[in-house]
Number of protein chains: 2
Amino acid sequence: MASDRRIFHNNEACPVRNVVAQIGDKWSLLILFALTDGAERFNALKSRIEGISQRMLTQTLRDLEREGYVDRTVYPEVPVRVEYALTEMGRDIVKPLYELVVWADKHQPKIEQARKIYDKKVSST
Amino acid sequence: MASDRRIFHNNEACPVRNVVAQIGDKWSLLILFALTDGAERFNALKSRIEGISQRMLTQTLRDLEREGYVDRTVYPEVPVRVEYALTEMGRDIVKPLYELVVWADKHQPKIEQARKIYDKKVSST
DNA sequence: CAGCATCCGCCACGATACTG
DNA sequence: CAGTATCGTGGCGGATGCTG
């Protein structure tokens, strides 16, 4: 009904809460963008994404694969080669995310300024 | 240099990592969208956002205020009335976020399907 | 009404060591 | 090379009780 002003209902079927939960973590967005130039191998990704650990790269890649954003291909050579690439859906979600990235770059100074003003206001109480 | 293919450098000055860290949490995006219709009081927000606790609403609102997304206005009546509203920057970030929300709604079925396929593939090993 | 204080479980994340 | 396995920790977030 129109009187129900609640937004984004709190159940597992809520698409928005789901997507935020998945790509809102520390590494997902970074990995997705590292793959926009094309497929990458595990260690290539690891060196492109500053600060990520082996464990988190593996784990986040598995999650992204499960949600359908990333494809994993194993080439049974010696030593083994594994390549990760965006699926169609992966390339698709990068578009709205890119808007956010651009926004973040543009507004960085404003945010820093807002923080300083807030902290000054709080410390004066 | 061109040979440095690292993305989104891992320092506190990285705008992208900052923005994701701020609005990638469980509640920030929900609060921002609950404020797009106009200013809201604390308890109104609480009832619009299903499942949020008092504690997290307060805390997330403080963070959003500090980053400059939200304005907090106290009306010294009895009992006190507090209204939260989006700042200009708040209204601004909602635009790219809205793209993401639309995307999430549209692709929800695909994601669920991807999950099922993945889980079946994994369980068969 | 709009919060703050406190306690606490859980899990995201990191570090390290080991492997097919 | 591309992972697993294990352990440790900080902090996110929930529950509850109290207050100006």
Side-chain angles (χ1 to χ4, degrees), chain A residues 8 10-12 14 17-18 20-31 34-35 39-67 70-85 118 121-122 125, chain B residues 8 10-12 14 17-18 20-31 34-35 39-67 70-85 118 121-122 125:
Chain A
F8 304 135
N10 187 18
N11 55 54
E12 290 189 3
C14 175
R17 298 202 190 207
N18 276 337
V20 172
Q22 171 54 45
I23 59 153
D25 68 6
K26 195 171 177 181
W27 302 111
S28 289
L29 184 141
L30 270 43
I31 293 178
L35 290 174
E40 292 271 16
R41 306 178 58 168
F42 185 88
N43 280 328
L45 278 175
K46 185 159 165 8
S47 53
R48 287 194 67 184
I49 302 170
E50 208 181 331
I52 196 169
S53 66
Q54 231 168 33
R55 173 181 149 78
M56 288 315 297
L57 181 55
T58 304
Q59 188 172 303
T60 311
L61 280 169
R62 290 294 175 279
D63 290 344
L64 292 173
E65 191 192 353
R66 179 169 188 261
E67 305 291 288
V70 163
D71 240 14
R72 178 176 184 269
T73 312
V74 181
Y75 299 91
E77 310 167 350
V78 182
V80 72
R81 179 163 57 103
V82 179
E83 282 195 350
Y84 294 92
Y118 181 90
K121 193 168 60 181
V122 168
T125 56
Chain B
F8 304 134
N10 186 17
N11 55 53
E12 293 190 3
C14 175
R17 298 202 190 208
N18 276 338
V20 172
Q22 171 55 45
I23 59 154
D25 68 8
K26 194 170 176 181
W27 302 111
S28 289
L29 183 142
L30 270 43
I31 293 177
L35 290 174
E40 291 271 16
R41 304 178 60 169
F42 185 87
N43 281 327
L45 280 175
K46 185 158 166 5
S47 53
R48 288 195 66 183
I49 303 171
E50 208 180 332
I52 196 169
S53 65
Q54 230 168 35
R55 174 182 145 81
M56 290 314 296
L57 181 55
T58 305
Q59 188 172 303
T60 311
L61 280 169
R62 291 294 174 277
D63 291 343
L64 292 173
E65 192 191 352
R66 178 169 188 261
E67 305 289 287
V70 163
D71 239 15
R72 178 175 184 270
T73 311
V74 181
Y75 298 92
E77 311 167 350
V78 184
V80 72
R81 179 164 58 103
V82 179
E83 282 196 351
Y84 294 91
Y118 180 90
K121 193 168 60 182
V122 168
T125 57

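Keep in mind that the numbers below use all heavy atoms, side chains included, and drop hydrogens, waters and symmetry copies. Letters A, B, ... are given to chains in the order of the sequence lines, protein chains preceding strands, and every chain is numbered from 1.
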Classify the nucleic acid contact of A:Y84 as base, sugar-phosphate or nothing, counting any heavy atom under 4.0 Å across all strands shown.
sugar-phosphate
Atom-pair distance (CD on B:E65; C1' on C:dG3), nearest Å:
13 Å
Sub-3.5 Å donor-acceptor pair from the side chain of B:D25 to the main-chain atoms of B:S28, do we have one?
yes
Does the structure place the NZ or CZ of A:R66 under 6.0 Å from the centre of the six-membered ring of B:Y118, at an angle of no more than 45° from the ring's axis?
no
With the side chain of B:T58 defined as its heavy atoms from C-beta on, choose the nearest nucleotide among C:dC13, C:dC1, C:dC4.
C:dC4
Determine whether a donor-acceptor pair (N or O, by modelled atom type, separation under 3.5 Å) exists between the side chain of A:R17 and the backbone of A:E12.
no
Working to the nearest 0.5 angstrom, can you tell me the gap between B:K26 NZ and B:I52 CD1?
9.5 Å
Donor-acceptor pair, side chain of A:R48 and main chain of A:A34, under 3.5 angstrom:
yes
OP1, OP2 of C:dG14 versus side-chain N and O of A:K26: anything below 4.0 Å?
yes
Between the side chain of A:T60 and the main-chain N/O of A:L57, is any donor-acceptor distance below 3.5 Å?
no
May I have the distance from B:F42 (atom CZ) to C:dC1 (atom P), rounded to whole angstrom?
12 Å
Round to the nearest Å and state the distance from B:I31 atom CD1 to C:dA2 atom P.
14 Å
Mind listing the residues from residues 49-57 of chain B sitting with a heavy atom below 4.0 Å of DNA chain C? Number order is fine.
B:Q54, B:R55
How far apart are the closest heavy atoms of A:Y75 and A:V80, and which atoms are they?
O-CG2, 3.6 Å
Calculate the interatomic distance between B:Q59 atom CD and C:dA5 atom C1'; express it in whole Å.
13 Å
For A:T60 and A:V80, find the nucleotide of DNA chain C closest to each by heavy atoms; which residue's nucleotide sits nearer the 5' end?
A:T60
Determine yes or no for a side-chain-to-main-chain donor-acceptor pair under 3.5 angstrom, with B:N18 supplying the side chain and B:A21 the backbone.
no
Whole angstrom is fine here: how far is it from CZ in B:R81 over to P in C:dA2?
9 Å
Can you pull the contact range of chain A along DNA chain D, 5' to 3', using atoms under 4.0 angstrom from its heavy atoms?
D:dC1 to D:dT6
Run the side chain to side chain donor-acceptor pair (under 3.5 Å) test against B:R62 and tell me which residues pass, sequence neighbours left out.
B:Y84
